[in-house]
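Proteins come first, then strands; the chains are lettered A, B, ... in the order of their sequence lines, and each starts at number 1.
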Number of protein chains: 2
Amino acid sequence: MNEPRYQRRKEDRPQEITDAAYSVFAEKGYAAARVEEVAKRAGVSKGLMYLYFRTKEELFKAVVKNVVIRRLDTLLNTLETTELSSEEFLRGPLLDFMKQVPGSPIAIVIRLLIAEGQRHPDLVDYYWNHVVNKGLTAISRFIRRGVERGEFRETAVSDLPQVVLAPMMLAMIWRLIFAKRELDVERLMDTQIDMIIAYIKA
Amino acid sequence: MNEPRYQRRKEDRPQEITDAAYSVFAEKGYAAARVEEVAKRAGVSKGLMYLYFRTKEELFKAVVKNVVIRRLDTLLNTLETTELSSEEFLRGPLLDFMKQVPGSPIAIVIRLLIAEGQRHPDLVDYYWNHVVNKGLTAISRFIRRGVERGEFRETAVSDLPQVVLAPMMLAMIWRLIFAKRELDVERLMDTQIDMIIAYIKA
DNA sequence: ACTCTTGCTGACCGAGAAGTCAGTAATTAT
DNA sequence: ATAATTACTGACTTCTCGGTCAGCAAGAGT
């Protein structure tokens with residue numbers, strides 16, 4: 001008859017709060033996000049928020065760390081474990097990866113970092129170490145492997161994997177700002193990969 | 001002896017306030033920017049702010065419109081008026097333009113748009129019409145002129161000037177987030193232009 | 001010189017949101 | 001059953017900041 005008004009679930013709370021916070025930050029950005037709104041979506045009281053995260057800022061950092069890393073690691077794993085020729089790899093898994101990023105939570109986190117990064121240098125460091133650097137290094141490694149195997153010639157692309165990712169960045173920003181105006185993301189990235197392969201092929 | 005406490009300068013105020021606002025928004029972003037801080041830098045009282053701009057939001061829009069357009073128009077003009085072969089144009093003025101954007105106020109405005117665009121759709125429209133669309137169209141026109149002249153072959157790049165600008169976007173975001181970590185912007189863009197020309201040359 | 005107009009000031013107001021804490025009730029220990 | 005523990009609640013406090021307005025004084029008009 002008398003249902004308990006709440007359950008104690010110490011273990012699950014951090015994850016649930018973090019997920020709720022992600023969705024609020026994604027919609028509103030950091031500054032406009034209300035801690036009380038996060039509490040509501042997580043199904044807890046405002047007070048409880050402060051038992052798990054000392055401040056709103058700490059909550060923000062937890063979001064970037066948990067949510068993103070969790071979803072990114074699967075992606076990076078497939079990147080590391082495939083065994084294809086370098087060209088097949090560029091045209092297959094890497095291209096697919098690039099196409100899906102602009103619509104993924106990573107794009108949201110990039111927005112938060114662009115907007116708030118200045119005030120959270122340690123968060124930027126963390127993101128650099130655990131996401132960007134990892135990804136760039138992985139791509140570089142593949143290009144270099146292609147060079148070693150004689151598939152590719154030595155070009156600036158070996159040192160600048162950013163060349164590969166540039167259209168992905170543009171597509172991300174495009175969607176964040178100009179969501180409505182359509183951009184042919186597929187064709188954009190296909191073209192870039194075509195161009196790169198033509199350019200570096202031995 | 002008795003210096004006047006202030007001067008009346010109705011004409012100059014909007015510009016001065018707008019410039020001050022730009023510098024504060026650039027440093028703090030929209031949400032964290034304080035109207036009083038803008039007033040201080042503009043050398044006026046907080047009250048005066050509201051005689052020239054009805055709300056903080058209107059001030060924000062004025063910044064995007066005035067500051068950016070003013071500085072962008074000179075750039076776009078040189079883009080339109082040069083008379084070089086298409087390849088020379090890509091390797092010369094356009095490349096120079098792309099190299100200087102990531103360090104210019106445009107990058108700052110892009111940050112503001114990414115962070116706050118969701119809540120200011122009309123601002124995004126304005127920026128689209130007066131900056132992005134203009135720029136993209138100008139580039140498309142040049143590529144197509146090259147095709148007509150027989151310098152280039154018909155490729156996706158004719159419809160997707162975004163291919164050209166992609167590394168510029170990456171460099172911009174890179175600097176906004178990872179200011180410290182160096183990125184060889186010159187080499188990145190040189191490579192992209194090299195690649196593109198090799199790809200589209202007839 | 002003496003109004004008169006109006007550009008300008010700065011103390012003030014009120015909304016709203018981050019963060020607190022005394023108390024409550026779910027769970028565990030005895 | 002009863003007591004002890006602690007996860008949890010939500011009303012409250014405090015403070016910040018966008019926006020207001022009554023009055024002041026700079027400069028124009030006469």
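Using a 4.0 Å heavy-atom distance criterion, B/Ala33 is classed as a sugar-phosphate-only contact. In this structure, A/Arg54 reaches neither bases nor backbone, as no heavy-atom distance under 4.0 Å exists between it and the strands shown. At a threshold of 4.0 angstrom between heavy atoms, the contacts of A/Phe53 with the nucleic acid are absent. No contact: B/Ala39 has no heavy atom under 4.0 Å from any strand.
Across the protein-nucleic acid pair, A/Lys46 atom NZ and D/dT13 atom C1' stand 11 Å apart, rounded to whole Å. The OH atom of B/Tyr30 sits 14 Å away from the P atom of D/dC17 (whole-angstrom rounding). Protein atom NZ of A/Lys40 is 15 Å distant from nucleotide atom C1' of D/dG10, rounded to whole Å. For the pair B/Lys56 NZ and D/dT20 C1', the interatomic distance rounds to 17 Å; values are reported in whole Å. Atom pair A/Leu48:CG and D/dA7:C1' shows a separation of 7 Å (rounding to whole Å applied). Remark: C1' of D/dC17 and CE of B/Met49 are 13 Å apart, rounded to the nearest angstrom.
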Exercise for the section: Step by step, work out the salt bridge (charged side-chain N to carboxylate O under 4.0 Å, His left out) result for A/Arg119 and A/Glu116. Expected result: CA-CA 6 Å; A/Arg119 269 188 298 287; A/Glu116 302 291 331; 3.2 Å; yes
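Within the 6.0 Å centre-distance limit, the rings of B/Phe25 and B/Phe60 are counted as a close aromatic pair. Ring-centre distance between A/Tyr126 and A/His120: not below the 6.0 Å cut-off.
Comparing B/Val35 and A/Leu51 against DNA chain D, the residue whose closest nucleotide sits nearer the 5' end is A/Leu51. Nearest-nucleotide positions on DNA chain C for A/Gly47 and A/Arg34 put A/Arg34 closer to the 5' end.
With hydrogens and angles disregarded, no donor-acceptor distance shorter than 3.5 Å links the side chain of A/Thr191 to the backbone of B/Ala156. Checking side-chain atoms of B/Lys99 against main-chain N and O of B/Asp190 turns up no donor-acceptor pair under 3.5 Å.
The side chain to side chain donor-acceptor pair (under 3.5 Å) check on B/Arg13 picks up nothing, with sequence neighbours excluded.
Running 5' to 3' along DNA chain C, contacts with non-hydrogen atoms of chain A at under 4.0 Å begin and end at C/dA17 to C/dT27.
For the residue pair A/Arg149 and A/Ser86, no side-chain donor N or O sits within less than 3.5 Å of a side-chain acceptor on the partner.
Only one option out of A/Leu170, A/Ile139, A/Val101 pairs with A/Leu165 in a side chain to side chain contact (heavy atoms under 4.5 Å, CB included); it is A/Ile139.
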I'd like a table of atom pairs between the protein and nucleotides 26-30 of chain D - only N or O on both sides, under 3.5 Å - with the distance next to each one.
from: D/dA26; atom 1: OP1; to: B/Arg5; atom 2: N; distance (Å): 3.3
from: D/dA26; atom 1: N3; to: B/Arg8; atom 2: NE; distance (Å): 3.4
from: D/dA26; atom 1: N3; to: B/Arg8; atom 2: NH2; distance (Å): 2.8

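Checked for salt-bridge contact, B/Lys180 and A/Asp125 meet the test: a charged N lies under 4.0 Å from a carboxylate O.
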